[in-house]
Structures are given as C-alpha cells and as structure tokens.
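To keep things clear, I will list the structure first and then write my remarks on it.
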Amino acid sequence: MEVLLASCGNPDHYQDPDQPMWGCESDSKVSVKSLEEASAACRSFIERNELGNGNWAGGDVYEGDKHIATIAYNGRIMDPK
C-alpha cells in the first residue's frame, strides 16, 4: 500500500495551485502497512511542512494501481468515491 504526500500553492493566497508549495518537501509516495499508518504519514507531512488545508494535495492511498482511500487534511480516512 502506498500513500501520496503532496503539496500545492493555495490560490486564496495568490500561490500557484499547479506547483508544489515553495520550500516544502518534494511530493512522494511512501509505503504504509495500514490506512491508519497512511493517515499518520499524511499528518506528519502536513505538520513538518506547515501546510494549510488549501496547500494539501496528497492523501490518495493505492494498493497496486487501485485507489482505495483518500486521507483528508485532518487525517480522516475516506472512501475515494
């Protein structure tokens, strides 16, 4: 299982939403063993990079090529639909 950790600019703050947040860690996918671990990885990425909700662009969780969940800014695990 892998989770996407990603940021973007917040247009509410005149930042480019098509670009990663300036000064933030590079976007990446990390291996996790559970959805709870994916949630913790997302919250850690958000906190380390001091992201606001409008800067969070990650959270998609994949098992192989299948999108199985999405992690919200607050760490909530949601059905991808």
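What you see is a predicted model; the values in this text were computed from it and never measured. In this chain, residues are counted from 1 in sequence order.
Legend: residues meeting salt bridge (charged side-chain N to carboxylate O under 4.0 Å, His left out) with E47, ordered by chain and number and at least two apart, are R43. By the side chain to side chain contact (heavy atoms under 4.5 Å, CB included) test, N74 is found to be paired with A72, R76, residues two or more places apart in sequence or in another chain being considered. For the side chain to side chain contact (heavy atoms under 4.5 Å, CB included) test, residues two or more places apart in sequence or in another chain that qualify with T70 are D60, H67, M78, P80.
There is no path of hydrophobic side-chain contacts, each under 4.5 Å, that joins Y62 to V30.
Within the 3.5 Å criterion, the main-chain N or O of N10 finds a donor-acceptor partner in the side chain of Q15. A donor-acceptor contact shorter than 3.5 Å links the side chain of Y73 to the backbone of L51.
Applying the side chain to side chain donor-acceptor pair (under 3.5 Å) test to every pair with at least one member in residues 27-38, sequence neighbours left out, gives no pairs at all. Among residues at least two apart or in separate chains, side chain to side chain donor-acceptor pair (under 3.5 Å) pairs with a member in residues 17-26 are E25-R48, E25-N49.
Between the side chains of E50 and N55, not a single donor N or O lies within less than 3.5 Å of an accepting N or O.
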If you look only at distance, which donor and acceptor atoms sit under 3.5 Å apart when one is on a side chain in residues 1-8 and the other is two or more places apart or in another chain?
residue: S7; atom: OG; partner: M21; partner atom: N; Å: 3.0

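Residue I71 comes nearest to L35 through the heavy atom pair CD1-O, 4.2 Å, listed as atom of the first residue, atom of the second, then distance.
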